[in-house]
Amino acid sequence: MSAKTMELGVALKIIKNNLIWVIALPLIAMVIAFGISKYYLVPQYTSSAQIFITTNVESGSEKETTVYSEQLRTNMQMANTFNTILKSSRMMETVRSELNLAETNDALAKKISIQSDKDSLVFTVSVEDASPKRAQKIVNTITKTYQKDLPKLISNNKVIILEPASLPLESSSPNVIINTMIAFVLGIIGSVLLVSLIYLFRNVIEGEDDLEELSLKFIGDIPLIK
């Protein structure tokens with residue numbers, strides 16, 4: 001009998017002897033993850049609005065069209081600047097004051113995410129909050145404030161609200177299904193580790209097969225005397 005065959009046999013034997021734990025660990029992990037995600041973690045709701053940053057320069061004559069194009073190109077290069085202004089303390093303070101929010105400027109800014117495609121001046125402004133109504137109000141207040149303030153800060157620019165924020169009907173996090181599946185995978189990994197540790201630290205001779213694995217000969221049994 002080869003070493004690989006013996007090792008496989010020992011591993012299968014260990015799995016058989018600990019089959020309850022091998023099955024139970026993934027199931028226990030799934031139940032715990034489901035319970036925490038469903039009943040312990042506070043659901044978060046995400047509301048989003050779309051804005052478009054364009055220029056006030058008209059594009060009638062050829063000269064004006066050239067200026068308009070140059071201004072748009074400049075705006076694309078300033079995309080990061082627009083993002084920074086939108087999440088600035090000045091903006092956050094205005095929003096907090098208008099909505100009477102208890103969060104600090106930094107805490108409010110962390111709730112806000114801004115996304116845009118490369119070479120695009122269309123931005124998606126999102127806010128994640130435990131209250132769906134408050135998430136919607138914060139987004140709409142931010143975009144309206146930004147619409148008023150940006151032309152004052154950077155000339156020849158204006159903000160168009162393409163799509164105001166809507167009321168989110170379902171929570172965006174936690175994702176109960178994904179969390180439960182991750183826990184199941186981790187439970188399987190835990191089962192594999194358990195079997196591996198039992199195999200590595202196994203120091204008990206349980207029968208003739210164990211002696212053969214160690215290249216030892218079986219001489220005989222010693223009867224148990226009570």
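Keep in mind that the numbers below use all heavy atoms, side chains included, and drop hydrogens, waters and symmetry copies.
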*Asks:* Hey, what else clusters with Y45 if you join Ile, Leu, Val, Met, Phe, Trp, Tyr whenever side-chain heavy atoms sit under 4.5 Å?
*Replies:* none

*Asks:* Hey, are the side chains of Q136 and D129 touching, using non-hydrogen atoms and a 4.5 Å cut-off?
*Replies:* no

*Asks:* For residues 170-178, tabulate all N or O donor-acceptor pairs below 3.5 Å that involve a side-chain atom, not counting sequence neighbours.
*Replies:*
from	atom 1	to	atom 2	distance (Å)
S172	OG	Q44	O	3.1
S172	OG	T46	OG1	2.7
S172	OG	E128	OE2	3.4
S173	OG	E128	OE2	3.4
N175	OD1	I177	N	3.3
N175	OD1	I178	N	3.2

*Asks:* Show your working on side-chain contact (heavy atoms from CB on, under 4.5 Å) between Q147 and I51 and close with a plain yes or no.
*Replies:* CA-CA 9 Å; Q147 190 177 40; I51 60 174; over 6 Å; no

*Asks:* A side-chain contact here means heavy atoms from C-beta on lying under 4.5 Å apart; do I188 and P26 qualify?
*Replies:* yes

*Asks:* Quick one: do M30 and I32 end up in the same hydrophobic cluster if we chain Ile, Leu, Val, Met, Phe, Trp and Tyr together by side-chain heavy atoms under 4.5 Å apart?
*Replies:* no

*Asks:* Considering all heavy atoms of both residues, which atom of L27 and which atom of I23 are nearest to each other, and what is their separation?
*Replies:* CG-O, 3.4 Å

*Asks:* Are V125 and F52 linked, directly or through other ILVMFWY residues, by side chains that come within less than 4.5 angstrom of each other?
*Replies:* yes

*Asks:* Which residues pass the side chain to side chain contact (heavy atoms under 4.5 Å, CB included) test with A29, not counting sequence neighbours?
*Replies:* A183

*Asks:* Would you say L150 and F82 make side-chain contact, with heavy atoms under 4.5 Å?
*Replies:* yes

*Asks:* Kindly give the heavy-atom pair with the smallest separation between E103 and L108, and that separation in Å.
*Replies:* CB-N, 4.2 Å

*Asks:* Do the side chains of F184 and F34 join up, straight or via other hydrophobic residues, at under 4.5 Å, putting them in one cluster?
*Replies:* no

*Asks:* Using a 4.5 Å cut-off on heavy atoms from C-beta on, say whether the side chain of L86 contacts that of F123.
*Replies:* no

*Asks:* Hey, could you give me the OG1/CE distance between T104 and M92, rounded to the nearest 0.5 Å?
*Replies:* 11.0 Å

*Asks:* Does a sphere of radius 6.0 Å around NZ in K111 hold more than 12 heavy atoms from other residues, nucleotides or ligands, not counting ones at 6.0 Å or beyond?
*Replies:* yes

*Asks:* Working to the nearest 0.5 Å, report the span between CG of N179 and CD1 of I36.
*Replies:* 9.5 Å

*Asks:* Between V122 and S116, what is the shortest heavy-atom contact and its length?
*Replies:* O-CB, 3.4 Å

*Asks:* Tell me, do I85 and R90 make a side-chain contact under 4.5 Å, heavy atoms counted?
*Replies:* no

*Asks:* Do you reckon V159 sits in the same ILVMFWY cluster as I114, going by side-chain contacts under 4.5 Å, direct or chained?
*Replies:* yes

*Asks:* Shortest non-hydrogen contact from P132 to A130?
*Replies:* CD-O, 3.8 Å

*Asks:* May I ask whether V31 and I182 are part of the same hydrophobic cluster, defined by side-chain heavy atoms of I, L, V, M, F, W, Y residues being less than 4.5 angstrom apart, directly or through others?
*Replies:* no

*Asks:* Measuring from I53:CD1 to L121:CG, what's the distance to the nearest 0.5 Å?
*Replies:* 6.5 Å

*Asks:* Of all the heavy-atom pairs spanning S47 and V139, show the shortest one and how long it is.
*Replies:* O-CG2, 3.2 Å

*Asks:* Distance from T124 atom OG1 to E163 atom CD, nearest 0.5 Å?
*Replies:* 8.5 Å

*Asks:* Which distance, rounded to the nearest 0.5 Å, do you find between the CD1 of I112 and the CD1 of I138?
*Replies:* 7.5 Å

*Asks:* State the CG-CD distance between L101 and E93, to the nearest 0.5 angstrom.
*Replies:* 10.5 Å

*Asks:* Which heavy atom of I142 sits nearest to which heavy atom of M91, and what is that distance?
*Replies:* O-CE, 3.5 Å

